2 protein chains.
Amino acid sequence: MNLHHPDTSELELPAVLHALSDPQRLEIVRELAASAAPVTCGSITLGVAKSTMTHHYRVLREAGVIRQERRGTTKLTELRRDDLDARFPGLLDAVLSSSPVHA
Amino acid sequence: MNLHHPDTSELELPAVLHALSDPQRLEIVRELAASAAPVTCGSITLGVAKSTMTHHYRVLREAGVIRQERRGTTKLTELRRDDLDARFPGLLDAVLSSSPVHA
DNA sequence: AAAGAAGTTCTACGAACGTCGTACAATCGG
DNA sequence: CCGATTGTACGACGTTCGTAGAACTTCTTT
């Protein structure tokens, strides 16, 4: 099964905002942003089931927020920073600079 | 019935992003941003029913994106620019500067 | 008072969402 | 080859969402 990634020009703002509007996915994005290098799916542990994680990764990928690539049994995930910045300048920075777990 | 508006410190990023993740609501926000002065609900016409508009206004208000005030039979609506900028710097600008109806 | 205008509330309905468990596929290490 | 690891596919569940119509409230205007 090939992983579909939308082209930069195809990124839609409502879809991106929706992808980022879930606390779990927001946390995933924050962790991806924190580590410069691509990261395996399993290395981010929220309190949810594996299949739920798969679901969240797919939402993020189909919205164009992350890029994923199979690498053996694992899968490397990274933020599409440049693409997002090109298409929606300032958006990702604004989201990431907000207090992670706020008062 | 009193309209509840969350305090600036209570604004939550997921809620704001979710409020902005609907195309109709995004359009409302864009129109509010375009006109400096507060605007009556009915002056923004999308292709949806009145009750649907009421619903969208409520979602935006409860997320803290807009402020509403009764004024006779009409209701004035305005963007909470300052509050949003204070809580999530750059977010609203990034959202508004994206192509309104993209290719 | 009567009529109209502007929104709200209530209810309903189909669609989408977040979550999970189970079963499965693919790959790596011995 | 066998087992362990890593992640996916599928189906199910309860919840939330976006939408609408109809009845209602509130205020203005005549």
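Being a predicted model, the structure only gives us computed values, none of them experimental. The sequence lines fix the lettering, A, B, ..., with proteins before strands; numbering per chain opens at 1.
- Straight-line distance from the CD atom of Glu62(A) to the P atom of dG18(C): 12 Å, rounded to whole Å.
- Taking only side-chain nitrogens and oxygens, His56(B) never comes nearer than 4.0 Å to OP1 or OP2 of dC17(D).
- Listed by chain and residue number, nothing satisfies the side-chain hydrogen bond (donor to acceptor under 3.5 Å, both in side chains) test with Asp82(B) (two or more places apart in sequence, or in another chain).
- For the side-chain hydrogen bond (donor to acceptor under 3.5 Å, both in side chains) test, residues two or more places apart in sequence or in another chain that qualify with Glu69(A) are Arg71(A).
- Using modelled atom types, one side-chain atom of Glu10(B) and one backbone atom of Asp7(B) make a donor-acceptor pair closer than 3.5 Å.
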Completion exercise
B/S/- along nucleotides 11-16 of chain D (protein heavy atoms under 4.0 Å) is ------
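- Each of dG18(D), dC20(C), dG18(C) was ranked by its minimum atom distance to the side chain of His55(B); first place goes to dG18(D).
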Handout entry: Contact letters for nucleotides 25-30 of chain C, in which S counts primed atoms plus P, OP1 and OP2 and B counts the base, heavy atoms under 4.0 Å
Key = --BS--
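- Residue Thr74(A) places its side chain closer to dG7(D) than to any other of dT19(C), dG7(C), dG7(D).
- Put simply, Gln68(B) has no side-chain N or O that comes within less than 4.0 Å of OP1 or OP2 on dG7(C).
- Transitive grouping of hydrophobic side chains (ILVMFWY, heavy atoms separated by less than 4.5 Å) keeps Val65(A) and Val59(A) in distinct clusters.
- Thr54(A) comes within 4.0 angstrom of a nucleotide base, judged by non-hydrogen atoms across all strands.
- Under the rule for a salt bridge (charged side-chain N to carboxylate O under 4.0 Å, His left out), Glu62(A) has no partner lying at least two apart in sequence or in another chain.
- Take Thr74(A) and apply the side-chain hydrogen bond (donor to acceptor under 3.5 Å, both in side chains) test, not counting sequence neighbours, and it matches no residue.
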Per-pair distances, 0.1 Å, donor-acceptor, side chain in residues 15-23 of chain A, under 3.5 Å, sequence neighbours excluded:
{"from": "Ser21(A)", "atom 1": "OG", "to": "His18(A)", "atom 2": "O", "distance (Å)": "2.8"}
{"from": "Asp22(A)", "atom 1": "OD2", "to": "Gln24(A)", "atom 2": "N", "distance (Å)": "2.9"}
{"from": "Asp22(A)", "atom 1": "OD2", "to": "Arg25(A)", "atom 2": "N", "distance (Å)": "3.2"}

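- Under the side chain to side chain contact (heavy atoms under 4.5 Å, CB included) criterion, Ser43(B) pairs with Val39(B), Thr40(B), not counting sequence neighbours.
- Going from atom CG of Leu3(B) over to atom C1' of dT9(C) covers 14 Å, rounded to whole Å.
- In this structure, Arg70(A) does not reach the dT6(D) phosphate: none of its side-chain N or O atoms is under 4.0 Å from OP1 or OP2.
- For DNA chain D, the neighbouring residues in residues 37-51 of chain B, judged by any heavy atom under 4.0 Å, are Val48(B), Ala49(B), Ser51(B).
- Applying the salt bridge (charged side-chain N to carboxylate O under 4.0 Å, His left out) test to Arg81(B) and every residue at least two apart in sequence or in another chain returns Asp93(B).
- dC17(D) atom P lies 16 Å from atom CD of Gln24(B), rounded to whole Å.
- Remark: Arg80(A) pairs with Asp83(A) by the salt bridge (charged side-chain N to carboxylate O under 4.0 Å, His left out) rule, at least two apart or across chains.
- If you take CD1 of Ile28(B) and P of dG7(C), they are 12 Å apart, rounded to a whole angstrom.
- Evaluation of the side chain to side chain contact (heavy atoms under 4.5 Å, CB included) rule for Ser51(A) yields Ala49(A) as partners, not counting sequence neighbours.
- Between Arg25(B) atom CZ and dC17(D) atom P there is a gap of 8 Å when expressed in whole angstrom units.
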